[in-house]
Amino acid sequence: MAKGIAKRSEDYSRWYTDVIAAAKLADYSPIKGCMVIRPNGYALWERMQAALDKMFKETGHVNAYFPLFIPESFMKKEAEHVEGFAPECAVVTHGGGKKLEEPLIIRPTSETIIWSMYKKWIQSYRDLPILINQWANVVRWEMRTRLFLRTTEFLWQEGHTAHATAEEAEQETLKLLDVYTRFAKDYMAIPVIRGVKTEREKFAGALRTYCIEAMMQDKKALQAGTSHNLGQNFAKAFDVTFQDERGNLDFVYATSWGVSTRLIGAIIMSHGDDEGVIMPPKLAPIQVVIVPIWKSETEKNLILQRVEQLSIEWNGRFSFHVDEREGYRPGWKYNEWEQYGVPIRIEIGPKDLEQNHVILVRRDTQEKQSVEIGILTTTLEKTLDAIQMNLYKRSLKFREENSFYVDDYSEFKKQIEDPSGFFWLHWCGSPECENRLQEETKATIRCIPIDDNVCKEKGRCVICGGESNERVIVAKAY
RNA sequence: CGGGGCGUAGCGCAGUCCGGUUAGCGCGCCUGCUUUGGGAGCAGGAGGUCCCGAGUUCAAAUCUCGGCGCCCCGACCA
């Protein structure tokens, strides 16, 4: 049925790129490693931005914009930070036809330029907290790229906050992790596991990195968002101090947090099927598409008129599109909208008008049902909710079916290859064991789960047999 | 950066080994007619620096040399 889309079971990565092409979400650009986000993809991103932006504002944040260019010397001020990012930085050496005195780095992230400004803005505890977010593009020179998941340039939001106390910074870090968790669940319909990154996997320059991890349909893990407690690292690097109520001078505490267009990849790989992408209703640019069916001009007018009447009460309740195009047959349209992932399709033709009903087709289950026109609007609303819920439940079930507790290393080595999935393992906490794990299995410790996901219990490190107090999640990752 | 594959119409490809008509096919596109409830049919038509450069030759998409680009798989990463 789906022309030009590889089957997930046969070639998952091919399926992924096929689906993006079929849905017209993105295209390869003439620049290596960079993609063009096409209108269908950008419309989705705009919906995501709108929802996230609202959540940021509700938690007290404001938007601002900082420059694309960062003086090279700024990047070098925080030791771990520069080490982490240097290999993937793009550097501008010339401008205005002349060699620059100091090379400019195209931001891979904005901590340094922002903290250079915070230094100017912060003197007293009265200036704190600063809760700024920015929507921007960043560049990280990647060796291997994949549409949405890893491209040289990508779009994201990065929050950068400044606080008077360590506790407040930690609270902020967790608060945003919570925002991301809710966004993943309520909007993207993706269940995530919340956790802390290991020393090795944390953000370069952070004290501690929290993350949300999601399982894709190929059972690999995708980091879907990160929130960093930066402690006083950047304040020290940029000498940002403030006076507290008692006149004592201290360095400012910082956080940063971000999600990117990578989340579009997460949506594709969490919900898509062999026919194409499936947009979660809460984020779908078009939630309902109407395909009118006619044979004659008279019929066409009649049907479109009826659709017009029906849709009056839809305005403001959900987004819809009437596909009136001539020259395409209904079947062709069905397929196109399926590939675009529109959650609900309504078919309405002469037979339906006679019987005063329409055909409603769910994208997630492919289920067809006949709906009386009198209850159509409420049915549509209910069905959109049901699809949103079903996508989430389906993903959660999939993750649970592919998560395993394993206590034997050789058993793990076997199972990570087949069936693969998320493995809850005991780990002693040593970097040596962590490195060995990756070298020998290509899998990594995705996170040490926290709160509702936590699994505190005594055990023995699967690698060295050392003591362990909790299980960590190990998986192959994107 | 290592391994593999590829570059010919908008897309996907054949032709290249073994040089030789006007470079072809499928999809898409344009026009017209018939169609329209799961990717329509017929007829006509438009569209090419055969990745670039140099060389060999009477003659190069095809052979030789050099370059460039892209995709896939690994090491690094949101």
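Sequence lines set the chain letters: A, B, ... in the order given, protein chains first and strands last, and positions in each chain run from 1. Note that the coordinates shown come from a computational prediction; the quantities given were computed from them, not determined experimentally. Side-chain atoms are counted along with the backbone in the values below, which use heavy atoms only and exclude waters and symmetry mates.
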Take atom [atom1] in [N] and the same atom in [M], then report the distance between them in whole Å.
{"N": "B/G66", "M": "B/A75", "atom1": "P", "result": "31 Å"}
{"N": "B/C25", "M": "B/G47", "atom1": "C1'", "result": "15 Å"}
{"N": "B/A46", "M": "B/G69", "atom1": "P", "result": "37 Å"}
{"N": "B/C71", "M": "B/G24", "atom1": "P", "result": "31 Å"}

Is there a side-chain polar atom (N or O) of [X] under 4.0 Å from OP1 or OP2 of [N]?
{"X": "A/Lys442", "N": "B/G74", "result": "no"}
{"X": "A/Arg144", "N": "B/A75", "result": "no"}
{"X": "A/Ser13", "N": "B/C73", "result": "yes"}

Base, sugar-phosphate or nothing for [X]? Non-hydrogen atoms, less than 4.0 Å.
{"X": "A/Arg345", "value": "base"}
{"X": "A/Pro350", "value": "base"}
{"X": "A/Lys333", "value": "nothing"}

If you go through the side-chain atoms of [X], does one of them form a donor-acceptor pair with the base of [N] closer than 3.5 Å?
{"X": "A/Lys295", "N": "B/G37", "answer": "no"}
{"X": "A/Glu338", "N": "B/G38", "answer": "yes"}
{"X": "A/Glu275", "N": "B/G39", "answer": "no"}
{"X": "A/Arg329", "N": "B/G41", "answer": "no"}

Rounded to the Å, how far apart are [X] [atom1] and [N] [atom2]?
{"X": "A/Lys476", "N": "B/C73", "atom1": "NZ", "atom2": "C1'", "result": "13 Å"}
{"X": "A/Asp18", "N": "B/C72", "atom1": "CG", "atom2": "P", "result": "11 Å"}
{"X": "A/Ile293", "N": "B/G37", "atom1": "CD1", "atom2": "C1'", "result": "4 Å"}
{"X": "A/Glu347", "N": "B/G38", "atom1": "CD", "atom2": "C1'", "result": "8 Å"}
{"X": "A/Glu88", "N": "B/A75", "atom1": "CD", "atom2": "P", "result": "16 Å"}
{"X": "A/Tyr340", "N": "B/G39", "atom1": "OH", "atom2": "C1'", "result": "13 Å"}

Student check: side-chain heavy atoms of A/Phe56 and A/Leu176 closer than 4.5 Å: yes

With the side chain counted from C-beta on, respond yes when A/Ile190 and A/His271 share a heavy-atom pair under 4.5 Å apart, and no when they do not.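 A side-chain contact exists here, since the closest heavy-atom pair is under 4.5 Å.
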
Using a strict cut-off of less than 4.0 Å between a Lys/Arg side-chain nitrogen and an Asp/Glu carboxylate oxygen, indicate whether A/Asp186 and A/Arg182 qualify as a salt bridge.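 Salt bridge flag = no for A/Arg182 with A/Asp186.
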
For residues A/Phe69 and A/Phe74, establish whether the separation of their ring centroids is below 6.0 Å. no

Would you say A/Glu336 and A/Tyr340 are linked by a side-chain donor-acceptor pair, where the criterion is simply a distance under 3.5 Å?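 Yes.
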
When you compare the side chains of A/Asp218 and A/Tyr478, does any donor N or O come within less than 3.5 Å of an acceptor on the partner? yes

Across all strands shown, which nucleotide pairs with [N] by Watson-Crick or G-U wobble geometry, both distances under 3.5 Å?
{"N": "B/U22", "result": "none"}
{"N": "B/U49", "result": "none"}
{"N": "B/G55", "result": "B/C63"}
{"N": "B/A43", "result": "B/U31"}

For the side chain of A/Gln339, counting heavy atoms from C-beta on, which of B/G39, B/C71, B/G38 is nearest? B/G39

